[in-house]
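Data first, discussion second: the structure below is written as structure tokens.
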Amino acid sequence: FITLLSGCADLPIGRVIFGASIHGYVRKLGLDANDVMVGTALVDMYAKCGRVDLARMVFDGMVMRNSMSWNAMIDGYMRNGKVKDAIELFDQMPERDAISWTALIGGFVRKDNFEQALLWFREMRLSGVEPDYVTMIAVLSACANLGALTLGMWTHRFIMKQDFRDNVKISNSLIDMYSRCGCIEIARQVFKKMQWRTVVSWNSIIVGFAINGHAEEALKFFSLMQKEGFKPD
RNA sequence: AGCGUGCAUGACUU
């Protein structure tokens, strides 16, 4: 059921219909209320299909909830533009973890509210919950979009003290942040120092060169990536 | 036992 439910949001058509029919089936077995994982998967499914109202109904009907259930509901509100509801639930949550905070921060980034994202990151730091690499990706994205180089560099230094410092997605985000803040040379250094790269790493540096007016370099890296066996997407 | 693939919440670029 969980596998089916988590696939619903990716269906091209009839997502809610399909999801709801699975819901009908699991309800006969009582799993929507009594099974935390099934309940959470339902909450997530409805929220991702744009039906936060139904997500909340399932959430309220659950006998047991864990942090994943709360986080799925908070994220559901955020991705459906219900910031107030998200924050209200966030405040009611028994104990917030990094994912709860990141759901809010990333939600603000998703709707281009970068200042709010950074304000909530500040709150998170004060709360004592340690950010993880997904949190920092959201923060770097906010910095990139604001062109906030000073904060971006602070974030970079902060990341270098963490055990996810060599995470590929983090490095990709650093490249993106520096190039969008106009520091293409630092972006290039980050790229050069990477132990492993993905197609996203190449895309980020190539786009970085392009938007900073370095067409030659962009083309050079475009052919370099193919020489290294990466297929442009 | 080993290898591989998955395993309900936040998930990098275009």
Side-chain angles (χ1 to χ4, degrees), chain A residues 1-9 19 22-23 26 31-32 34-48 52 55 58-59 62 64-79 86 89-90 93 95-111 117 120-121 124 129-145 155 159 164 166-180 184 187 190-191 194 196-211 218 221-222 225 230-233:
Chain A
F1 293 129
I2 291 165
T3 308
L4 288 172
L5 287 168
S6 47
C8 285
I22 299 168
H23 186 184
V26 300
L31 295 177
D32 56 344
N34 297 314
D35 186 294
V36 189
M37 295 214 273
V38 171
T40 303
L42 278 167
V43 167
D44 188 51
M45 181 277 293
Y46 278 127
K48 293 214 169 92
V52 257
V58 174
F59 182 82
M62 291 170 71
M64 292 285 291
R65 302 177 192 97
N66 60 18
S67 63
M68 292 192 191
S69 328
W70 287 84
N71 291 339
M73 194 64 238
I74 291 167
D75 174 64
Y77 279 132
M78 285 306 281
R79 67 176 68 237
L89 204 65
F90 179 87
M93 192 171 173
E95 48 187 304
R96 297 163 275 277
D97 58 18
I99 295 182
S100 326
W101 286 96
T102 308
L104 286 184
I105 296 167
F108 284 119
V109 170
R110 207 182 302 122
K111 52 195 290 273
W120 279 89
F121 176 63
M124 179 183 189
V129 174
E130 285 302 317
D132 66 8
Y133 84 94
V134 182
T135 318
M136 300 319 295
I137 286 171
V139 172
L140 286 172
S141 172
C143 294
N145 282 284
T155 307
I159 286 169
F164 51 77
D166 295 321
N167 180 297
V168 176
K169 291 182 181 181
I170 283 285
S171 300
N172 295 344
S173 298
L174 283 169
I175 292 168
D176 183 55
M177 184 275 293
Y178 279 120
S179 70
R180 287 158 79 174
I184 189 61
V190 173
F191 180 87
M194 290 174 76
W196 301 287
R197 303 186 183 96
T198 64
V199 67
V200 175
S201 320
W202 288 95
N203 291 344
S204 303
I205 194 69
I206 290 169
V207 170
F209 284 128
I211 64 180
F221 275 71
F222 179 65
M225 84 179 277
F230 287 94
K231 250 175 87 77
D233 64 2

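Any value given below was found using the heavy atoms of this structure, including those in side chains, with hydrogens, waters and symmetry copies removed. From a predicted model like this one, the values you see are computed outputs, not experimental measurements.
Atom P of nucleotide B:C12 and atom CZ of A:Phe164 are separated by 16 Å, given to the nearest angstrom. As a whole-Å value, the separation of A:Lys169 NZ from B:C12 C1' is 6 Å. Rounded to whole Å, the distance from CD1 on A:Ile175 to P on B:U14 is 13 Å. If you measure from atom CZ of A:Phe221 to atom P of B:U13, you get 20 Å, rounded to the nearest angstrom. Across the protein-nucleic acid pair, A:Met68 atom CE and B:G10 atom P stand 10 Å apart, rounded to whole Å. Distance, A:Leu5 CG to B:U9 P: 11 Å, rounded to whole Å.
One can find a donor-acceptor pair under 3.5 Å joining the base of B:G10 and the side-chain atoms of A:Asp132. For B:A8, the base has a donor-acceptor partner in the side chain of A:Asn66 [N/O atoms by modelled type, under 3.5 angstrom]. For A:Asn203 against B:U13, a side-chain N or O and a base N or O form a donor-acceptor pair under 3.5 Å.
In terms of phosphate contacts, A:Arg79 brings a side-chain nitrogen or oxygen within less than 4.0 Å of OP1 or OP2 of B:G10. Contact between the side-chain N/O atoms of A:Lys48 and the OP1/OP2 oxygens of B:A8 is not found at any separation under 4.0 Å. Residue A:Arg197 has no polar side-chain atom (N or O) positioned under 4.0 Å from OP1 or OP2 of B:U13. Of the side-chain N and O atoms in A:Arg110, none sit less than 4.0 angstrom from OP1 or OP2 of B:G10.
Taking the P atoms as reference points, B:A11 lies 15 Å from B:C7, given to the whole Å.
Listed by chain and residue number, A:His23, A:Val26, A:Arg27, A:Leu42 satisfy the side-chain contact (heavy atoms from CB on, under 4.5 Å) test with A:Asp32 (two or more places apart in sequence, or in another chain).
Remark: A:Arg96 qualifies as a cation-pi partner of A:Phe90 under the 6.0 Å distance and 45° angle criteria applied to the six-membered ring.
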